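Working notes for the structure below.
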Amino acid sequence: MKYTWLILLPLLAACGSEEPKAKKKPLTQNEVNDFSGEMGKWDVTRQKDEIESYIKNHQWEMAETGTGLYYMYISKGTGKTNPTDGQFVKVSYEVYLLDGTVCYTSKDKGPRDVKVGQDYVESGLHEGLKLMKAGDKMRFILPSHLAHGLTGDDDKIPPRASVMYEIELLDIH
């Protein structure tokens, strides 16, 4: 027992001779932004692939706007003009997730008035409404960045979800 310290001395000396490990420096705001941007690009690409696969599976012919809104006419109305920012429109609608889940429908509460460009609805919906004339029935697919984004709507639409609208523009007033 007396000489146990002689055995432990080389072990203790070896433990203390390691070079200290370099500390990782925290990420800069630019590095965080770059990472977030790459994740966002990946998510947009993933959703675009998901939407295009969904459209192909349903054999729909849909056009895409520069922002990523997909749209198609179900039937044309008799209206002569498109709504502009600040005008009210009355719409009937159904909102779905791409798995077919019905989230919201005007069948429950009746048609809704929306102030184009200024109401608290999805930015993609404002964009789509401007493509319509009174009486038009259309289908829109909004990727999450045009719908409820990273957070969802805290009710029926989950985070990062694409949504589909089947919508009829009843009136512009």
Side-chain angles (χ1 to χ4, degrees), residues 33-107 109-173:
N33 291 345
D34 289 346
F35 177 75
S36 296
E38 289 304 313
M39 288 302 294
K41 288 178 192 173
W42 171 83
D43 200 38
V44 167
T45 300
R46 178 192 61 80
Q47 286 185 34
K48 183 176 182 66
D49 292 345
E50 176 185 54
I51 291 168
E52 288 178 353
S53 175
Y54 183 83
I55 292 168
K56 184 178 179 182
N57 288 340
H58 286 83
Q59 299 179 343
W60 292 333
E61 294 290 326
M62 296 187 87
E64 180 184 8
T65 68
T67 65
L69 169 73
Y70 290 83
Y71 67 95
M72 65 180 281
Y73 289 89
I74 297 170
S75 63
K76 291 277 197 165
T78 58
K80 302 291 182 216
T81 61
N82 301 78
T84 58
D85 285 342
Q87 288 186 300
F88 282 92
V89 295
K90 183 178 287 295
V91 295
S92 64
Y93 59 91
E94 289 185 293
V95 182
Y96 302 86
L97 298 178
L98 296 188
D99 69 3
T101 302
V102 178
C103 298
Y104 303 102
T105 176
S106 59
K107 291 177 184 175
K109 297 181 181 179
R112 178 176 176 188
D113 282 327
V114 175
K115 190 171 186 179
V116 177
Q118 297 175 13
D119 215 346
Y120 292 103
V121 297
E122 302 92 322
S123 62
L125 182 57
H126 289 291
E127 181 181 1
L129 289 170
K130 292 177 188 179
L131 300 172
M132 301 181 80
K133 294 181 170 79
D136 287 350
K137 290 183 185 177
M138 293 184 75
R139 183 172 291 128
F140 303 137
I141 299 179
L142 287 63
S144 69
H145 71 275
L146 295 177
H148 293 280
L150 298 174
T151 60
D153 73 347
D154 293 329
D155 190 11
K156 297 180 181 182
I157 299 175
R160 291 190 168 121
S162 299
V163 295
M164 181 175 68
Y165 270 84
E166 289 192 5
I167 191 162
E168 180 178 7
L169 197 153
L170 303 171
D171 187 30
I172 301 171
H173 51 280

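Treat the numbers as computed from the prediction; the structure is a model and nothing was measured. Computation of the quantities below employed the complete heavy-atom set of this structure, encompassing side-chain atoms and omitting hydrogens, waters and symmetry-equivalent molecules.
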Answer yes or no: is there a side-chain heavy-atom contact under 4.5 Å between [X] and [Y]?
| X | Y | value |
| --- | --- | --- |
| E127 | F140 | no |
| V91 | S106 | no |
| I167 | L129 | yes |
| K130 | D85 | yes |
| V89 | M132 | no |
| R160 | L150 | yes |
| C103 | D153 | no |

[atom1]-[atom2] distance between [X] and [Y], expressed to the nearest 0.5 angstrom:
| X | Y | atom1 | atom2 | value |
| --- | --- | --- | --- | --- |
| I172 | T84 | CD1 | OG1 | 8.5 Å |
| Q59 | E61 | CD | CD | 9.5 Å |
| T105 | R112 | OG1 | CZ | 12.5 Å |
| Q47 | S144 | CD | OG | 3.5 Å |
| I51 | M164 | CD1 | CE | 11.0 Å |
| I55 | N57 | CD1 | CG | 10.0 Å |

Handout entry: Check against side chain to side chain contact (heavy atoms under 4.5 Å, CB included), V95 and K156
Key = CA-CA 10 Å; V95 182; K156 297 180 181 182; over 6 Å; no

Exercise for the section: List the steps and the verdict of side chain to side chain contact (heavy atoms under 4.5 Å, CB included) for Y96 and E166. Expected result: CA-CA 8 Å; Y96 302 86; E166 289 192 5; 4.2 Å; yes

Taking all atoms of both residues into account, what is the closest heavy-atom pair of [X] and [Y], and its distance?
| X | Y | result |
| --- | --- | --- |
| G117 | H126 | N-ND1, 2.7 Å |
| K115 | G86 | CE-O, 3.5 Å |
| G68 | P143 | O-CD, 3.3 Å |
| H58 | Y54 | ND1-O, 2.9 Å |
| A147 | A161 | CB-O, 4.3 Å |
| T81 | K133 | O-CG, 3.5 Å |

Exercise for the section: Before giving the answer on side chain to side chain contact (heavy atoms under 4.5 Å, CB included), spell out for H148 and L142 the whole-Å C-alpha distance, their side-chain angles and the decisive distance to 0.1 Å. Expected result: CA-CA 9 Å; H148 293 280; L142 287 63; over 6 Å; no

Exercise for the section: Decide, yes or no, whether a salt bridge links K48 with E52 under the criterion of side-chain N to carboxylate O below 4.0 Å. Expected result: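 Here K48 pairs with E52 in a salt bridge, since their nearest N and O are under 4.0 Å apart.
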
Exercise for the section: Give a yes or no on whether a salt bridge exists between K76 and D136, defined as a side-chain N under 4.0 angstrom from a carboxylate O. Expected result: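 No, K76 and D136 are not salt-bridged.
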
Practice task
For the pair Y165 and Y93, name the ring-plane relationship: parallel under 30°, tilted 30 to 60°, perpendicular over 60°.
Solution key: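 Correct class here is tilted.
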
Exercise for the section: Classify the angle between the aromatic ring planes of Y73 and Y71 as parallel (below 30°), tilted (30 to 60°) or perpendicular (above 60°). Expected result: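 The rings of Y73 and Y71 stand perpendicular, inter-plane angle above 60°.
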
Handout entry: Identified side chain to side chain contact (heavy atoms under 4.5 Å, CB included) partner of I74 from the options R139, E168, M138
Key =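 Of all the options given, the one that passes is R139.
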
